[in-house]
Amino acid sequence: MNLNSLIRKEVRRLCPYKARHIHCRVKLDANESPYSYPQLLQKALEVHTNRYPDPEGRELKRAAARRWRVGMRNILLSNGSDEILYYLVTTFGGPVLFPAPTFSMYGIVTQALGQKALSVPLQQDFDIDIRRTIRAIRTHRPKIIFLSIPNNPTGNSFSMEKVLKVVEETRGIVVIDEAYQPFSSRNHIMLVREYPRVVVMRTLSKIGFAALRVGFLIGHPEVVEMVNRVRLPFNVNTLSQTVATEVFNNYEIILEDVKRIKEQREYLYARMSSIRGIQVYPSDANFILFRVRGARAVYRRLLREGILVRDMTQELEDCLRVTVGTEEENRMFVEVLERIMK
Ligand code: PMP
């Protein structure tokens, strides 16, 4: 079968997102939480399976709005924050600008929707190159700028001064993707109040609920209303709405584990930094990027020992990314890494 003549050329060129299920003992590749919360599933058992979900997800919105101190009209719910990317590009179109390297879905979604994706390389220290970014804004007038803060895969948060410069310079929508915000000391929701063109994305995926697929857009009510026009009805299923509401109602449990993950990140950072031949980058997220000569071979040797990390060598020379796991998982990872590097 030759589908080529049928398929849009943008899709013909597209590389799908690399999310592979590789069997391993210690899974540290996908920035998931090592903690699961089966106790929060109780209410999901009472769900009426025959009825459609609440199309507006009001209970969940109410719980999230309370936690983030915003109005319910500031929030749009989605089936994972990935889906919001589709909605944003569908609503506003391109060109779409983002730094590189960053979360690959910004480029994939933009291309899939036939829009122009433009990237500006980050500086050596992985902060925004503000001169080149401003030049790109003036030349291409992007409709959307994506900033992942903390940035995946580098782990750092861009300097606030530069973020504000970007916001002041562009006339487009600035999307601050806070997927890793729980692990950082930065928070940009207050910018939404000050700048109606700034929107923030959040997700439950990194704090223990990747299985639910629940994401949020937080923005000015007018922006949220526009994006809501392209949202699919019932995009967040009842089971996910119910459990996600429970997550917000029991948030202290999550915060305790987030604290544990942050402590483990510091432990991992210190242990990895003491290994000769490895350059470790500081992180505000639940993962750590590191550079090692022959990264591909190191990746394979880790995998042979049952430890799965993320190969970032296509985006950053000789770089791998490891997710912070449980204390035991982190110790196993570091010990194997030490052995490999001897
Ligand atoms: N943004 C960033 C920066 C991410 O790293 C990820 C997950 N890899 C996402 C968004 C997507 O998260 P979700 O599971 O909510 O779709």
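Start at 1 with the first residue, then count along the sequence. For ligands, and for the atoms within them, numbers begin at 1 and follow the listed sequence. Because the structure is predicted, anything quoted here is derived from the model rather than measured.
- Contacts between S81 and ligand 1, counted as non-hydrogen atom pairs separated by less than 4.0 Å, involve both the backbone and the side chain.
- Under a 4.0 Å heavy-atom criterion, S148 is in contact with ligand 1.
- Each of the atoms 15 (O), 16 (O) of ligand 1 lies under 4.0 Å from some heavy atom of G80.
- In this structure, D177 has a heavy atom closer than 4.0 Å to ligand 1.
- Both the backbone and the side chain of D82 come within 4.0 Å of ligand 1, counting heavy atoms alone.
- Between E327 and R260, no side-chain nitrogen of the basic residue sits less than 4.0 Å from a carboxylate oxygen of the acidic one, so the salt-bridge criterion is not met.
- Remark: among candidates E83, M105, R213, K206, the nearest residue to atom 8 (N) of ligand 1 is K206, based on non-hydrogen atoms.
- Remark: ligand 1 atoms within the under-4.0 Å shell around heavy atoms of S205 are 13 (P), 14 (O), 15 (O).
- Contact check for Y37 versus N250: no side-chain heavy atoms found under the 4.5 Å cut-off.
- Per-residue contacts place Y180 under 4.0 angstrom from the following atoms of ligand 1 (heavy atoms of the residue considered): 3 (C), 4 (C), 5 (O), 8 (N).
- Salt-bridge annotation for D177 and R202: absent, with no side-chain N of the basic residue lying under 4.0 Å from a carboxylate O of the acidic one.
- Summarising the geometry, atom OG belonging to S283 is positioned 8.5 Å from atom CG belonging to N156; distances are rounded to the nearest 0.5 Å.
- The pair D129-R131 does not count as a salt bridge, with every side-chain nitrogen at least 4.0 angstrom from each carboxylate oxygen.
- With hydrogens and angles disregarded, a donor-acceptor distance shorter than 3.5 Å links the side chain of E178 to the backbone of H188.
- The pair E225-R73 fails the salt-bridge criterion, with no side-chain N (NZ, NE, NH1 or NH2) lying under 4.0 Å from an Asp/Glu carboxylate O.
- In terms of protein heavy atoms, atom 6 (C) of ligand 1 is closest to F103 CZ, 3.4 Å.
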